[in-house]
Colleague: 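My questions all concern the structure below.
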Number of protein chains: 2
Amino acid sequence: MSERQSSRKDAIRNREAVLAAADALFSRRASPEDITMADVAAAAGVGKGTLFRAFGDRAGLLRALYEARLEPIREAIEAGPPPLGPGTPPQDRVRALLDAVLCFKLDNGPLALALEDSGSDSSPYRADHYERWHGLLRAVLEQIPGLTDSDFTAHALLAATRADLVEHLAGERGIPRERMREQLAGFVAKVLAPGPRPGGTAEE
Amino acid sequence: MSERQSSRKDAIRNREAVLAAADALFSRRASPEDITMADVAAAAGVGKGTLFRAFGDRAGLLRALYEARLEPIREAIEAGPPPLGPGTPPQDRVRALLDAVLCFKLDNGPLALALEDSGSDSSPYRADHYERWHGLLRAVLEQIPGLTDSDFTAHALLAATRADLVEHLAGERGIPRERMREQLAGFVAKVLAPGPRPGGTAEE
DNA sequence: TTGCAAAACGGACCCACGGTCCATATCTTG
DNA sequence: CAAGATATGGACCGTGGGTCCGTTTTGCAA
């Protein structure tokens with residue numbers, strides 16, 4: 001899983017050095033904007049050329065880092081125990097999923113921010129990690145009887161966990177972690193709540 | 001309200017020329033990123049210095065444009081007829097408010113995108129137009145009995161109308177305007193629906 | 001071990017863009 | 001009309017992402 005089949009070993013070594021260095025830099029609390037590619041290269045002890053050769057561009061590096069940090073959660077979702085893993089009742093799983101996303105953003109604030117920002121040309125919605133979250137969430141939502149528009153609902157729920165919103169609430173407004181998890185859970189609950197009449201009140 | 005009390009009239013004239021030119025440029029379908037300050041200056045027939053003197057920086061220009069386009073809606077909210085204006089039952093008003101935001105983003109895609117993106121250093125959540133929307137929405141939500149966490153709920157609902165999401169759904173996925181409005185309305189309805197038990201874990 | 005081509009390196013270099021500066025042109029007032 | 005105040009505009013700067021290419025490393029094979 002961790003090796004690219006690049007033939008040469010120095011390439012692999014450098015790639016990992018860069019990844020490690022970037023990981024360290026983005027963990028140190030700082031505006032993601034303040035970390036330049038040159039910084040990363042220097043921290044990794046390689047030249048900029050190497051860095052770009054390995055990851056294509058800034059977004060590529062960010063993506064790689066993101067995926068790496070996401071790995072454990074992904075595993076937990078694909079084959080872990082409830083409430084994250086499969087075999088959980090849909091409603092619980094949706095809540096667990098969103099809670100996991102929230103916690104992830106809470107823990108990886110700067111990185112997530114950087115990644116979502118970097119989508120200046122390509123919106124965050126084209127990133128395939130988003131596609132994965134959305135696809136999974138939608139699939140689970142679809143199993144809940146009486147719930148329509150799972151596609152849009154999945155988008156809307158995920159939007160509530162956008163990195164910059166989370167960052168704003170946690171950083172600027174000082175809302176503590178547990179409080180935010182409760183609030184999100186409450187929100188999700190409202191959305192999932194078996195309405196008095198599915199589709200009833202929303203008549204245009 | 002529309003004049004700055006700059007003493008000199010050419011300043012005012014240039015300011016409006018810039019505003020008009022920028023408005024035109026951002027209406028022409030193009031990635032907001034492709035429009036540089038130099039472009040705007042050229043289109044307005046002024047020098048870059050003038051442009052920066054008048055608006056401070058790129059974000060300032062975007063903000064000014066945004067506010068200008070927002071003006072009608074703002075009036076409709078402050079003193080217009082229902083369902084947008086005051087004196088509307090809270091639930092209806094919330095729905096109308098979010099529908100208005102959605103329509104606005106639908107109509108002003110590139111500009112809204114540019115503004116939200118420009119928040120690389122300052123998240124969109126610091127912009128005071130956001131504060132206004134959020135404050136208003138929260139206030140209205142607060143009038144709905146049995147609804148807790150209005151602050152977070154307001155954020156979460158607004159998140160569902162983020163410019164890049166709207167853009168993605170409308171552009172990439174080709175979801176038609178009316179469909180999206182329905183979906184958002186349905187989502188809002190779910191959130192506002194008087195839950196069977198507020199705060200309870202709705203489980204089997 | 002040595003030879004050699006392919007692959008990777010790295011940092012000088014390029015360029016686009018936001019933002020600044022200041023000599024000059026334009027107002028405004030008395 | 002003079003003179004101070006104010007605005008102008010485009011040359012100029014710093015920064016940071018991304019590229020290029022001469023040099024070094026690696027893998028393979030003789």
Side-chain angles (χ1 to χ4, degrees), chain A residues 3-22 25-26 30-65 110-111 113-122, chain B residues 3-22 25-26 30-65 110-111 113-122:
Chain A
E3 293 96 38
R4 299 281 176 275
Q5 68 278 32
S6 302
S7 21
R8 277 175 59 166
K9 69 184 180 198
D10 51 348
I12 300 172
R13 209 163 40 99
N14 276 331
R15 184 188 168 90
E16 299 205 357
V18 167
L19 224 37
L25 282 186
F26 276 104
S31 243
E33 311 293 306
D34 294 345
I35 299 166
T36 79
M37 292 289 105
D39 288 341
V40 176
V46 304
K48 275 176 62 177
T50 302
L51 197 160
F52 279 95
R53 166 176 293 268
F55 296 97
D57 58 5
R58 185 182 166 91
L61 170 59
L62 265 358
R63 233 177 297 130
L65 246 185
L111 176 58
L113 248 190
L115 190 58
E116 287 189 9
D117 275 7
S118 83
S120 38
D121 48 341
S122 68
Chain B
E3 291 96 36
R4 298 283 177 274
Q5 68 278 35
S6 301
S7 18
R8 274 175 62 166
K9 69 185 180 198
D10 51 348
I12 300 173
R13 207 164 42 97
N14 275 331
R15 184 189 168 90
E16 299 204 357
V18 167
L19 224 36
L25 281 185
F26 276 104
S31 243
E33 311 293 307
D34 295 344
I35 298 167
T36 79
M37 292 289 107
D39 288 340
V40 175
V46 304
K48 275 176 62 178
T50 302
L51 196 159
F52 279 95
R53 166 175 293 267
F55 296 96
D57 58 4
R58 185 183 166 91
L61 170 59
L62 264 358
R63 236 178 293 130
L65 247 183
L111 176 57
L113 249 190
L115 190 58
E116 286 188 11
D117 277 6
S118 84
S120 37
D121 48 341
S122 67

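No experiment lies behind these values; they were computed from the predicted model shown. Just the heavy atoms: all of them, side chains too, but no hydrogens, waters or symmetry mates, feed the values below.
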Colleague: Using salt bridge (charged side-chain N to carboxylate O under 4.0 Å, His left out) as the criterion, list what pairs up with A/Asp10, not counting sequence neighbours.
Modeller: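 With sequence neighbours excluded, A/Asp10 shows a salt bridge (charged side-chain N to carboxylate O under 4.0 Å, His left out) to A/Arg8, given in chain and number order.
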Colleague: Write down the distance between CG (A/Leu61) and P (D/dG18), rounded to a whole number of angstrom.
Modeller: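 My rounded result for the distance is 11 Å.
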Colleague: Mind calculating the distance between CD (A/Glu33) and C1' (D/dG17) to the nearest angstrom?
Modeller: 13 Å
Colleague: Who are the side chain to side chain donor-acceptor pair (under 3.5 Å) partners of A/Asp57, not counting sequence neighbours?
Modeller: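 With neighbours one apart ignored, the set is empty.
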Colleague: Using atom CE of A/Met37 as one end and atom P of C/dG11 as the other, report the distance to the nearest whole Å.
Modeller: 17 Å
Colleague: Please state how far atom CG in B/Asp57 lies from atom P in C/dC17, giving the value in whole angstrom units.
Modeller: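 Interatomic distance, CG of B/Asp57 to P of C/dC17: 17 Å.
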Colleague: To the nearest 0.5 Å, what is the distance between CZ on B/Arg58 and CG on B/Leu115?
Modeller: 10.0 Å
Colleague: With heavy-atom distances below 4.5 Å as the criterion, would you say the side chains of A/Phe55 and A/Leu62 are in contact?
Modeller: no
Colleague: Please enumerate all protein N or O atoms sitting under 3.5 Å from an N or O of nucleotides 22-26 of chain D, with distances to 0.1 Å.
Modeller:
residue	atom	partner	partner atom	Å
D/dT25	O2	A/Arg8	NH1	3.2
D/dT25	O2	A/Arg8	NH2	3.0
D/dT26	O4'	A/Arg8	NH2	3.4

Colleague: Would you kindly give the CD1-to-C1' distance between B/Ile12 and C/dT26, to the nearest whole Å?
Modeller: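 From B/Ile12 CD1 to C/dT26 C1': 15 Å.
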Colleague: Quick one: list whatever passes salt bridge (charged side-chain N to carboxylate O under 4.0 Å, His left out) with A/Asp34, sequence neighbours left out.
Modeller: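 For A/Asp34, no residue satisfies salt bridge (charged side-chain N to carboxylate O under 4.0 Å, His left out) once neighbours in sequence are set aside.
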Colleague: Look at the side chain of A/Thr36 and the backbone N and O of A/Ala38, then say whether any donor-acceptor pair between them is shorter than 3.5 Å.
Modeller: yes
Colleague: Which atom names give the shortest non-hydrogen contact between B/Pro32 and B/Ala114, and what distance separates them?
Modeller: CB-CB, 3.3 Å
Colleague: Which residues in residues 46-55 of chain A have at least one heavy atom lying under 4.0 Å from any atom of DNA chain C?
Modeller: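 By residue number: A/Val46, A/Gly47, A/Lys48, A/Gly49, A/Thr50, A/Arg53.
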Colleague: Mind checking what makes side-chain contact (heavy atoms from CB on, under 4.5 Å) contact with B/Ala20, not counting sequence neighbours?
Modeller: none
Colleague: Does B/Asn14 put a side-chain nitrogen or oxygen below 4.0 Å from OP1 or OP2 of D/dA7?
Modeller: no
